[in-house]
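Here, residue 1 is the first one in the sequence, and each next residue gets the next number. Predicted model only: the values in this text are computed from it and were never measured. The figures that follow rest on heavy atoms only: side chains count, while hydrogens, waters and symmetry mates do not.
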Amino acid sequence: MLNDTIINAERELYLTLLELAQQQPIAYEWLKQLPTWLNAIKDKANYAHAPAYQASVARLPTLTVNNVDLNSDTLTIEASLNESERKQATALLKQLMPWRKGPFQIGGQVGNDESGIKIDTEWHSDWKWQRVAPHLGELKGRRVLDVGGGSGYHGWRMAGAGADTVIIIDPSCLFYHQFMAIRHFVGAADAHTYAHAKDRGRYRTHYIPVPLEALPAHSQLFDTVFSMGVLYHRQSPFEHLQQLRGQLVKGGELVLETLVIEGDANTVLVPHDRYAQMNNVYFLPSVAALIGWLEKAGFSDVRCVDVAVTSTEEQRKTEWMTYHSLADFLDPNDSTKTMEGYPAPMRATLIAKR
């Protein structure tokens, strides 16, 4: 028997935007484009694997879920799995490989994955959240946009931190369906629980499969906007920063995490060809230069709250991501450098106000 997970999630997204539009008319512009956005990501002409991904999500077994912990480092759906359900769910989830952002656990209990399915993703995205979370403004009750949110791991953590609404955007067909697979098991566990609210029972975590530039400009709908691991992929970083600013309410908070290098306010690395074997990396500024970029883009109260060198424990090959990973992209004789001779990946998190 097939489930209606994707249909239900898309309906909840529509109703959430409709409710928002009654308060913020700019959201009607989002609603006008929503059918096109959602149809495009499932069109085989655009994405050859889309029908297979949809089928994998639709065939996931329906479990009796006891609890969903959106605050655990391994996002855990506590449920009992019989052997048949375990084999079925594992096989279907593996059809959505590679899993890059997580980790997730389906079945078992928090801290005990022996009876569950542990999706050990390429990235320990929980480590990034641990670095970022202590420096965030209050998320409880806020409307949040997560740009380039991948499989949705951080978006779920934002909901776990109490965000009123989280909208994740990312144009990846695979990531969209990975999010839907997790949504299938989460069910309504992230729904509003206000005793008298008209949106009681409405999902709080949503996914729109588009890039930032596809959104109506200057929507000014969000109290907090996250852009983590995106800026260095943009050919025009200033345009990206301005687009982020346009989605924030006045006084809203930007959380920006990106690759940086050491240096002064004039230091920016522009890789000649590839960086750590990625051919879509364009600009790696120093922290000082990045602060200047944010101020030039119109942000204020800019501060760097964390700088961390990415380790091969944080990003690595796993059973759920079997392709090359960070260890394969570093100089085998000097792990402080990439294969191309550039400084190894180092990431900074900056927070700023609109």
Taking the six-membered ring for Trp and the single ring otherwise, decide whether the centroids of Phe299 and Trp293 are under 6.0 Å apart. no
With no hydrogens and no angle check, just 3.5 Å: does a side-chain donor-acceptor pair link Glu78 and Gln105? no
Should Glu12 and Arg183 count as an ion pair when the cut-off is N to O under 4.0 Å? no
More than 12 heavy atoms of other residues, nucleotides or ligands under 6.0 Å from OH of Tyr342: is that the case? yes
First locate atom CG of Asn280, then atom CD of Gln235, and finally report the distance between them rounded to the nearest 0.5 Å. 9.5 Å
Go through it in stages, so that I can follow the logic: the residues are His233 and Met278, the test is side chain to side chain contact (heavy atoms under 4.5 Å, CB included), and I'd like the CA-CA distance, side-chain angles, deciding distance and then a yes or no. CA-CA 9 Å; His233 290 310; Met278 294 182 285; 4.1 Å; yes
Within the side chain of Glu122, is there an N or O that forms a donor-acceptor pair under 3.5 Å with the backbone of Thr318? no
Enter the distance from Thr121:OG1 to Phe104:CZ here, rounded to the nearest 0.5 Å. 7.0 Å
With a 4.5 Å cut-off on side-chain heavy atoms, are Thr16 and Ile167 touching? no
Between atom CD1 of Ile41 and atom OH of Tyr207, what is the distance when rounded to the nearest 0.5 Å? 8.0 Å
Determine the minimum heavy-atom distance between Leu93 and Ala181, stating which atoms define it. CD2-CB, 3.9 Å
Would Met321 and Tyr53 show up in the same hydrophobic cluster when neighbours are defined by side-chain heavy atoms closer than 4.5 Å? no
Strictly by salt bridge (charged side-chain N to carboxylate O under 4.0 Å, His left out), give each pair with a member in residues 225-254 just once, sequence neighbours left out. Glu213-Arg234, Glu253-Lys353
Please round to the nearest 0.5 Å and tell me the distance separating atom CG of Asp146 and atom CH2 of Trp156. 12.0 Å
Would you say Gln130 has more than 12 foreign heavy atoms packed within less than 6.0 Å of its CD? yes
Please check if the side chain of Asn46 supplies one atom and the backbone of Ala40 the other of a donor-acceptor pair under 3.5 Å. yes
Val230 reachable from Leu350 in the ILVMFWY side-chain graph, under 4.5 Å edges: no
Between the main-chain N or O of Ala52 and the side-chain N or O of Gln95, is there a donor-acceptor pair closer than 3.5 Å? no
Using a strict 4.0 Å threshold on nitrogen-to-oxygen distance, state whether Asp120 and Arg316 make a salt bridge. yes
Closest contact, heavy atoms only, Ala159 versus Val166: N-CG2, 3.9 Å
Criterion side chain to side chain contact (heavy atoms under 4.5 Å, CB included) on Arg131 and Trp127, from CA distance to verdict: CA-CA 6 Å; Arg131 293 194 296 266; Trp127 293 11; 4.1 Å; yes
Heavy-atom check, side chain of Ile261 versus side chain of Val268, under 4.5 Å: no
Residues Asp328 and His324: closest non-hydrogen pair is OD2-CA, 3.3 Å
Using atom types as modelled and distance alone, determine if a side-chain donor or acceptor of Thr267 lies under 3.5 Å from a backbone N or O of Asp264. yes
Nearest heavy atoms of Ser80 and Glu85, plus distance in Å: O-OE1, 3.8 Å
Derivation and outcome, side chain to side chain contact (heavy atoms under 4.5 Å, CB included), residues Arg59 and Leu2: CA-CA 5 Å; Arg59 291 163 54 203; Leu2 302 181; 3.6 Å; yes
Give a yes or no on whether His135 atom NE2 has more than 12 heavy-atom contacts from other residues, nucleotides or ligands under 6.0 Å away. yes
Does any part of the side chain of Tyr28, heavy atoms only, come nearer than 4.5 Å to the side chain of Gln22, both counted from C-beta? yes
State, yes or no, whether a side-chain contact exists between Tyr176 and Leu38 at a heavy-atom distance under 4.5 Å. yes
Rounded distance [0.5 Å steps], CG in Leu34 versus CG in Asn39: 9.0 Å
Say you draw a straight line from CG of Leu231 to CG of Leu244; how long is it, rounded to the nearest 0.5 Å? 8.0 Å
Does one side chain, of Thr5 or Asn8, offer a donor that lies under 3.5 Å from an acceptor on the other? no
Short N-O contact, Arg347 and Glu257, less than 4.0 angstrom: yes
Of all heavy-atom pairs linking Val186 and Val68, the shortest is O-CG2, 4.0 Å
Is there a side-chain contact between Tyr275 and Pro345, using heavy atoms and a 4.5 Å cut-off? yes
Minimal non-hydrogen separation, Asn3 against Val57, with atom names: ND2-O, 2.8 Å
Short N-O contact, Asp223 and Arg354, less than 4.0 angstrom: no
Can a donor-acceptor pair be found, under 3.5 Å and without considering hydrogens, that links the side chain of Thr76 to the backbone of Thr74? yes
Parallel, tilted or perpendicular for Trp99 and Trp320, by the 30°/60° rule? perpendicular
Check the hydrophobic clustering (I, L, V, M, F, W, Y; side-chain heavy atoms under 4.5 Å; chains of links allowed) and say if Leu18 and Trp30 are grouped together. yes
Asp73 and Arg157: CA distance, side-chain angles, deciding distance, side chain to side chain contact (heavy atoms under 4.5 Å, CB included) verdict: CA-CA 9 Å; Asp73 289 339; Arg157 296 301 301 270; 3.7 Å; yes
Walk me through it: do Thr310 and Gln315 pass the test side-chain hydrogen bond (donor to acceptor under 3.5 Å, both in side chains)? CA-CA 7 Å; Thr310 305; Gln315 182 189 8; 5.6 Å; no
State, with a plain yes or no, whether a side-chain heavy atom of Leu294 is found less than 4.5 Å away from one of Ile291. no
Report whether Leu75 and Leu139 are members of the same hydrophobic cluster (ILVMFWY, side-chain heavy atoms less than 4.5 Å apart, transitive linking). yes
Are Leu17 and Ile26 linked, directly or through intermediate hydrophobic residues, by side-chain heavy-atom contacts shorter than 4.5 Å (ILVMFWY only)? yes
Do Trp123 and Glu314 have side chains that get closer than 4.5 Å, going by heavy atoms? yes
Between the side chains of Ser227 and His240, is a donor N or O closer than 3.5 angstrom to an acceptor N or O? yes
Would you say that Lys42 contacts Gln54 through its side chain, given a criterion of any heavy-atom pair below 4.5 Å between the two side chains? yes
Ignoring hydrogens and angles, tell me if any N or O in the side chain of His154 forms a donor-acceptor pair with the backbone of Ser125 under 3.5 Å. yes
